[in-house]
Amino acid sequence: MTLNFIWLFFIVAGFLTALVNAFILGDTTVFPNMVNGFFEMAKSGFDIMLGLAGVITLWCGIMRIGEKGGAIQVISKLFSPVFSKIFPDIPKGHPATGSMMMNFSANFLGLDNAATPLGLKAMRDLQELNPNKETISRSQIMFLLLNTAGLTLIPISIMTFRASYAADHNITNFDATDVFLPVFITTFSATILTLIIACIVQRINLFQPVLLLFILGLSGLIAGVLFITHKMESAEITSFSYTFSGLLIFG
């Protein structure tokens with residue numbers, strides 16, 4: 001319902017602004033430009049949808065194979081000691097744990113398009129456990145917060161877009177990988193802070209041994225990657241990013 005009001009506000013505000021430009025400021029091209037923009041954005045939206053369809057199909061297929069083959073259940077059991085502390089309302093071994101872990105993994109590797117269907121799958125699994133279908137549950141809030149923080153080890157999509165932009169605009173001496181460490185540090189800080197605040201609000205004890213060990217282990221991983229990459233040249237960081245991400249994806 002709220003989204004209806006938001007979209008209505010955008011439409012009305014845009015129309016009123018166009019009226020002011022056309023009849024007060026004398027811009028006679030504003031309405032033709034708006035109509036042309038409708039068609040251009042419709043075409044762009046369809047092109048994007050076609051591009052995403054293959055990626056979504058691939059990862060939904062992998063999820064389905066994982067469910068049938070038992071891999072998702074194995075992942076759920078592997079991470080259940082940590083997830084049971086962060087998501088106390090989720091039963092051990094529930095498919096929601098595996099769905100969330102796959103979503104976090106996709107975000108971790110910078111696979112934004114792949115993370116979307118996995119996140120929707122995780123939300124659907126969490127909704128099955130939600131006793132009040134009209135209100136978001138504690139587990140859904142925690143998952144949404146951690147998903148939004150988006151811990152990213154290798155921002156593949158961003159580096160690819162930056163490299164493509166530089167090539168299309170003939171920009172020389174441009175380092176597409178210089179966002180590697182800033183993105184890494186920023187998303188890590190956001191994730192840890194989000195987890196701490198969410199645990200405090202939901203009254204989850206942060207000093208539980210398993211949870212504390214998980215946070216320290218994740219921090220150690222971050223420190224290790226920073227130690228390995230801080231002296232690398234641009235080409236070496238690019239090679240490391242794509243090799244390491246490819247290894248993890250296939251793994």
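Clustering ILVMFWY residues whenever any of their side-chain heavy atoms sit less than 4.5 angstrom apart, transitively, puts Leu193 in a cluster other than the one holding Phe188. Following chains of ILVMFWY side-chain contacts shorter than 4.5 Å, one can reach Phe23 starting from Phe15, so the two form part of one hydrophobic cluster. At a threshold of 4.5 Å between side-chain heavy atoms, the hydrophobic network of Ile, Leu, Val, Met, Phe, Trp and Tyr places Ile185 and Ile215 in one connected group. Taken together through direct or relayed side-chain contacts under 4.5 Å among Ile, Leu, Val, Met, Phe, Trp and Tyr, Leu126 and Ile136 form parts of separate hydrophobic clusters.
With rounding to the nearest 0.5 Å, the separation of CD1 in Ile11 from CD1 in Ile6 is 12.0 Å. Atom CZ of residue Phe87 and atom CD1 of residue Ile204 lie 8.5 Å apart, to the nearest 0.5 angstrom. Distance CG/Leu118 to CG/Asn103: 6.0 Å, rounded to 0.5 Å. One distance of note links CZ of Phe5 with CG of Leu8; it measures 8.0 Å at 0.5 Å rounding. Note that OG1 of Thr194 and CG of Leu145 are 6.5 Å apart. Values are rounded to the nearest 0.5 Å. Put simply, OG1 on Thr135 and CG on Asn130 are 7.5 Å apart, with the number rounded to the nearest 0.5 Å.
Ring geometry, Trp7 versus Phe10: the interplanar angle exceeds 60°, so the pair is classed perpendicular (tilted spans 30 to 60°).
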May I have the step-by-step check of side chain to side chain contact (heavy atoms under 4.5 Å, CB included) for Met100 and Leu146, ending in yes or no? CA-CA 10 Å; Met100 288 190 295; Leu146 294 178; over 6 Å; no
Could you please spell out the steps behind the side chain to side chain contact (heavy atoms under 4.5 Å, CB included) verdict for Leu206 and Ile196? CA-CA 7 Å; Leu206 283 167; Ile196 292 174; 3.8 Å; yes
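The heavy-atom pair separating Pro81 from Ser84 by the smallest distance is O-OG, 3.0 Å. For the pair Gln202 and Met142, the tightest heavy-atom approach, listed with the atom from each and the gap, is OE1-CE, 3.8 Å. Residues Ala122 and Phe143 come closest through the heavy atom pair CB-CZ, 3.7 Å. Of all heavy-atom pairs spanning Asn107 and Thr152, the tightest one is O-OG1, 3.4 Å. Here the shortest heavy-atom pairing between Phe104 and Asn147 reads CE2-N, 4.1 Å. Pairing each heavy atom of Leu211 with each of Cys199, the nearest pair is CD2-SG, 4.5 Å.
For the side-chain contact (heavy atoms from CB on, under 4.5 Å) test, residues two or more places apart in sequence or in another chain that qualify with Leu212 are Leu216. Every salt bridge (charged side-chain N to carboxylate O under 4.0 Å, His left out) that Lys43 has, sequence neighbours left out, goes to Asp47.
Between Lys85 and Phe214, the closest side-chain pair of non-hydrogen atoms is not below 4.5 Å. Counting only heavy atoms from C-beta outward, the side chains of Asp125 and Ile90 never approach each other to under 4.5 Å. No side-chain heavy atom of Val210 sits less than 4.5 Å from a side-chain heavy atom of Leu213. Proximity of Ile86 to Ser139: side-chain heavy atoms (C-beta onward) are nowhere separated by under 4.5 Å. Residues Met123 and Leu144 have side chains in contact (heavy-atom distance under 4.5 Å, counting atoms from C-beta outward).
Of the possible polar contacts, one joining the Asn21 side chain to the Thr17 backbone as a donor-acceptor pair under 3.5 Å is found. A donor-acceptor pair under 3.5 Å links the side-chain atoms of Gln127 to the main chain of Lys133, judged by distance alone.
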Please tabulate, for side-chain N and O atoms in residues 28-42, each donor-acceptor pair with protein atoms closer than 3.5 Å (sequence neighbours left out).
residue : atom : partner : partner atom : Å
Thr29   : OG1  : Asp27   : OD1          : 2.7
Thr29   : OG1  : Asn33   : ND2          : 3.4
Asn33   : ND2  : Thr29   : O            : 3.0
Asn36   : ND2  : Pro32   : O            : 3.2

